[in-house]
A.B. asks: 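I have a structure here, written as structure tokens, and I will follow up with some questions on it.
In what follows, chains are A, B, ... by sequence order, proteins preceding strands, each numbered from 1.
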Amino acid sequence: DGGITQSPKYLFRKEGQNVTLSCEQNLNHDAMYWYRQDPGQGLRLIYYSQIVNDFQKGDIAEGYSVSREKKESFPLTVTSAQKNPTAFYLCASSIGLADTQYFGPGTRLTVL
Amino acid sequence: AQSVTQLGSHVSVSEGALVLLRCNYSSSVPPYLFWYVQYPNQGLQLLLKYTTGATLVKGINGFEAEFKKSETSFHLTKPSAHMSDAAEYFCAVSERSNYQLIWGAGTKLIIKP
């Protein structure tokens, strides 16, 4: 079955710790994305990658970092510099930037 | 800058009644238009999209949406609501020159028995 997996589904961290969220896809998509979702708001783009070894900042990249060493994987690190990291994080992928985005199940991060 | 407005953070309808979820965008150039659905604590699933061609677009689960350029709208409808339609619905647009998706704030659809 092709799809996008995100792990873990729920994640708890202490304030000041970095944490890495996993996103893997087996759809052979070139483009991948990270979004943040907060209650009552639409999705906000954190980072996106059009191709391996390349990524671009989205609207709210401060306090986050990514890597794209493999086509299938696009991990997101939430650093201690992110002032309000508690949120629902969604990963998506598409064939290319102009194509429909498909979403993973999300990771809910809670910083205590 | 492009913006997307979804009228009503919550919409409540009775089972079997018409569902109408509103979406307006700000671009003067027809963008690409999308509706996604999100069930609690899950990712988003594409319902339907408009790129070019026929302005009435049919999607999954009996939903459809009509692109109206003159009204800069892309409202989502379903003739008869089902309990399983209870979810949050997001409208999104992207410019034809810049493919970044701009999202509405979402509308929670509540179905009354």
A.B. asks: Return the option, out of Leu44(B), Leu101(B), Thr51(B), with the maximum number of heavy-atom pairs under 4.5 Å with chain A.
C.D. replies: Leu44(B)

A.B. asks: With respect to chain A, which residue among Glu88(B), Gln38(B), Gln45(B), Lys108(B) yields the maximal number of heavy-atom pairs within a distance under 4.5 Å?
C.D. replies: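 Ranked by contacts with chain A, first place is Gln38(B).
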
A.B. asks: Verify the cluster assignment for Val37(B) and Phe103(A): are they in a single hydrophobic cluster under the rule of side-chain heavy atoms below 4.5 Å apart?
C.D. replies: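 Cluster IDs for Val37(B) and Phe103(A) differ.
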
A.B. asks: Can you tell me which portion of Gln100(B) sits under 4.5 Å from chain A's heavy atoms? Options are side chain, backbone, both or neither.
C.D. replies: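 Contact with chain A: side chain only.
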
A.B. asks: Using atom types as modelled and distance alone, determine if a side-chain donor or acceptor of Lys9(A) lies under 3.5 Å from a backbone N or O of Gln42(B).
C.D. replies: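 Not a single qualifying donor-acceptor pair exists.
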
A.B. asks: Would you kindly confirm whether Tyr50(B) and Leu76(B) end up in one hydrophobic cluster when ILVMFWY residues are joined by side chain heavy atoms under 4.5 Å apart?
C.D. replies: yes

A.B. asks: Where does Gln37(A) contact chain B at under 4.5 Å (heavy atoms): side chain, backbone, both or neither?
C.D. replies: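 The side chain, not the backbone.
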
A.B. asks: Decide if atom CD of Glu62(A) counts as having more than 12 heavy atoms of other residues, nucleotides or ligands within a radius under 6.0 Å.
C.D. replies: no

A.B. asks: Can you see which heavy atom on Leu43(A) is nearest to which on Trp103(B), and at what distance?
C.D. replies: O-CD1, 3.4 Å

A.B. asks: Counting only non-hydrogen atoms closer than 4.5 Å, does Leu46(B) touch chain A with its backbone (N, CA, C, O), its side chain (CB onward), both, or neither?
C.D. replies: side chain

A.B. asks: Are Val11(B) and Met83(B) joined in one hydrophobic group, where the rule is that I, L, V, M, F, W and Y side chains link up if heavy atoms are under 4.5 Å apart?
C.D. replies: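 Yes: a chain of side-chain contacts under 4.5 Å links Val11(B) to Met83(B).
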
A.B. asks: Taking everything shown except Leu18(B) itself, do over 12 heavy atoms lie less than 6.0 Å from its CG?
C.D. replies: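 Yes, enclosed.
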
A.B. asks: If hydrophobic clusters are built from ILVMFWY residues whose side chains come within less than 4.5 Å, do Leu21(A) and Phe88(A) share one?
C.D. replies: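 Looking at the clustering, Phe88(A) is in a separate group from Leu21(A).
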
A.B. asks: Under 4.5 Å from any heavy atom of chain B, what part of Tyr33(A) do you find: side chain, backbone, both or neither?
C.D. replies: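 Contact with chain B: none, neither part.
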
A.B. asks: Decide whether Phe34(B) and Val93(B) are clustered together by the hydrophobic rule: side chain heavy atoms of Ile, Leu, Val, Met, Phe, Trp, Tyr closer than 4.5 Å, transitively.
C.D. replies: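 In one cluster with Phe34(B): Val93(B), no.
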
A.B. asks: Would you indicate whether the side-chain heavy atoms of Tyr32(B) and Thr100(A) approach each other to under 4.5 Å?
C.D. replies: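 The answer is no, as the side chains (C-beta and beyond) never meet within the 4.5 Å cut-off.
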
A.B. asks: Against chain B, label Leu90(A) side chain, backbone, both or neither, depending on which of its atoms sit under 4.5 Å from a heavy atom there.
C.D. replies: side chain

A.B. asks: Between Gly40(A) and Ala105(B), which heavy-atom pair has the shortest distance, and what is it?
C.D. replies: O-CB, 3.7 Å

A.B. asks: Drop me the distance from Ser9(B)'s OG to Gln41(A)'s CD, to the nearest 0.5 angstrom.
C.D. replies: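 Output value for this atom pair is 12.5 Å.
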
